[in-house]
Amino acid sequence: MESVTLGKVIKSNSHTDYICQIYGPAEVQTPPSPADYAFGTFVRIPLSNSGDYIVGVIYDTVLLNPDFGNLGPRLSPQPDLAVFSPDYLAEKVTLVGITTVGLVDAENTVYQGVPSRAAQIDALVTPLEDAALRAFHTPASGGVRISYAPMLLTQAGALTHHLLMSIIDQLHGLFPDDTARLNVLRNELSWRAYVSPLGGVR
């Protein structure tokens, strides 16, 4: 089954932080559902036609509605806007933030960490399928690798620990033999996210 296209890159906040505009019903035949771009979803962003692609994770969602708070009179009722002013509806958009965690080249060689190259404006964003997600986290020695975790932890976002816990929950199903190791990391992250901010003592 072909993966749905979530949307396109419209800007970046940094070399590792991108904003993707999610496609709406008027833009594609089969628009993505909210579950397709949920918090913690892994995505791929192609780098031109080289076959290389950036691997990223959705960490935030922003809803934009320019009509919010506009109580003035309207010349056309809302249903008529789809016919007479379809561009008006397009101003209501969903944006997702994507933080990059690595790169996969055309030979399927995996690089976890900061990608050396940046994505381009209008690059298409699609979910990363399970097989590619497993390969991205499998080192040559086997097992599971999450060497980008320290990089994510250095980011100041309030949801960073929750993002890593979501990632670990996904990896549980892909790496059942590494459940014990993943549980240790998740328990530590859970402590930092829920207990440590309250001044708990270990």
Side-chain angles (χ1 to χ4, degrees), residues 2-24 27-28 30-65 90-106 108-137 144-171 173-174 189 193:
E2 188 175 353
S3 179
V4 64
T5 300
L6 299 179
K8 60 185 178 181
V9 173
I10 61 168
K11 66 169 289 189
S12 69
N13 296 318
S14 71
H15 185 75
T16 61
D17 187 3
Y18 294 92
I19 303 299
C20 167
Q21 179 179 329
I22 300 299
Y23 282 141
E27 297 175 286
V28 290
T30 306
S33 68
D36 293 324
Y37 50 90
F39 178 79
T41 298
F42 278 87
V43 298
R44 68 168 72 209
I45 307 174
L47 295 171
S48 64
N49 296 320
S50 63
D52 304 356
Y53 63 89
I54 289 172
V55 176
V57 184
I58 294 176
Y59 71 89
D60 199 9
T61 303
V62 177
L63 306 177
L64 293 182
N65 179 12
E91 293 178 357
K92 297 181 179 181
V93 297
T94 299
L95 307 177
V96 295
I98 298 171
T99 184
T100 60
V101 294
L103 182 146
V104 178
D105 67 18
N108 290 321
T109 303
V110 171
Y111 304 89
Q112 289 193 3
V114 178
S116 58
R117 287 176 288 161
Q120 302 298 308
I121 292 294
D122 292 332
L124 298 181
V125 179
T126 57
L128 195 66
E129 62 276 9
D130 285 349
L133 182 58
R134 174 190 287 272
F136 181 73
H137 288 92
V144 59
R145 177 179 62 182
I146 321 175
S147 57
Y148 56 81
M151 179 184 72
L152 289 184
L153 287 173
T154 61
Q155 300 177 4
L159 298 178
T160 298
H161 291 90
H162 298 276
L163 178 62
L164 276 168
M165 286 190 289
S166 174
I167 290 172
I168 291 171
D169 290 342
Q170 295 178 64
L171 297 180
L174 297 176
L189 291 169

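Just so we're clear, the structure is a prediction, and the values are computed from it rather than from any experiment.
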Trace of the side chain to side chain contact (heavy atoms under 4.5 Å, CB included) decision for Val101 with Ile167: CA-CA 12 Å; Val101 294; Ile167 290 172; 5.6 Å; no
Atom [atom1] in [X], atom [atom2] in [Y]: separation rounded to 0.5 Å?
X: Ile54; Y: Leu128; atom1: CD1; atom2: CG; result: 12.5 Å
X: Tyr59; Y: Leu164; atom1: OH; atom2: CG; result: 14.5 Å
X: Ile168; Y: Leu189; atom1: CD1; atom2: CG; result: 5.0 Å
X: Leu152; Y: His161; atom1: CG; atom2: NE2; result: 10.5 Å
X: Leu6; Y: Thr126; atom1: CG; atom2: OG1; result: 7.0 Å
X: Ile22; Y: Glu27; atom1: CD1; atom2: CD; result: 10.0 Å

Any donor-acceptor pair under 3.5 Å linking the side chain of [X] with the backbone of [Y]?
X: Gln21; Y: Ile10; value: no
X: His15; Y: Pro115; value: yes
X: Tyr37; Y: Pro32; value: no
X: Asp60; Y: Val96; value: no
X: Gln170; Y: Leu133; value: no

Minimum heavy-atom separation for [X] to [Y], with atom names?
X: Gly40; Y: Leu163; value: CA-CD1, 3.8 Å
X: Ala106; Y: Ser50; value: CB-O, 3.4 Å
X: Ala119; Y: Ile45; value: CB-CG2, 3.6 Å

Can you find a pair of side-chain heavy atoms, one from [X] and one from [Y], that are under 4.5 Å apart?
X: His137; Y: Phe42; result: yes
X: Val125; Y: Val9; result: yes
X: Leu159; Y: Phe39; result: yes
X: Ile98; Y: Ile58; result: yes
X: Tyr111; Y: Asp52; result: no
X: Lys8; Y: Tyr23; result: yes

Between Ser166 and Asp169, do the side chains contain an N or O donor and an N or O acceptor separated by less than 3.5 Å? no
What's the verdict on side chain to side chain contact (heavy atoms under 4.5 Å, CB included) for Asn13 and Ile19, showing C-alpha distance, side-chain angles and the deciding distance? CA-CA 8 Å; Asn13 296 318; Ile19 303 299; 3.7 Å; yes
Atom CG of Asn49: over 12 foreign heavy atoms under 6.0 Å: no
Within 6.0 angstrom of Gln120 CD, more than 12 heavy atoms from elsewhere: no
Could you walk me through whether Leu124 and Arg44 pass the side chain to side chain contact (heavy atoms under 4.5 Å, CB included) check? CA-CA 8 Å; Leu124 298 181; Arg44 68 168 72 209; over 6 Å; no
Is there a side chain to side chain contact (heavy atoms under 4.5 Å, CB included) between Ile146 and Leu171 once you walk through the steps? CA-CA 10 Å; Ile146 321 175; Leu171 297 180; 3.6 Å; yes
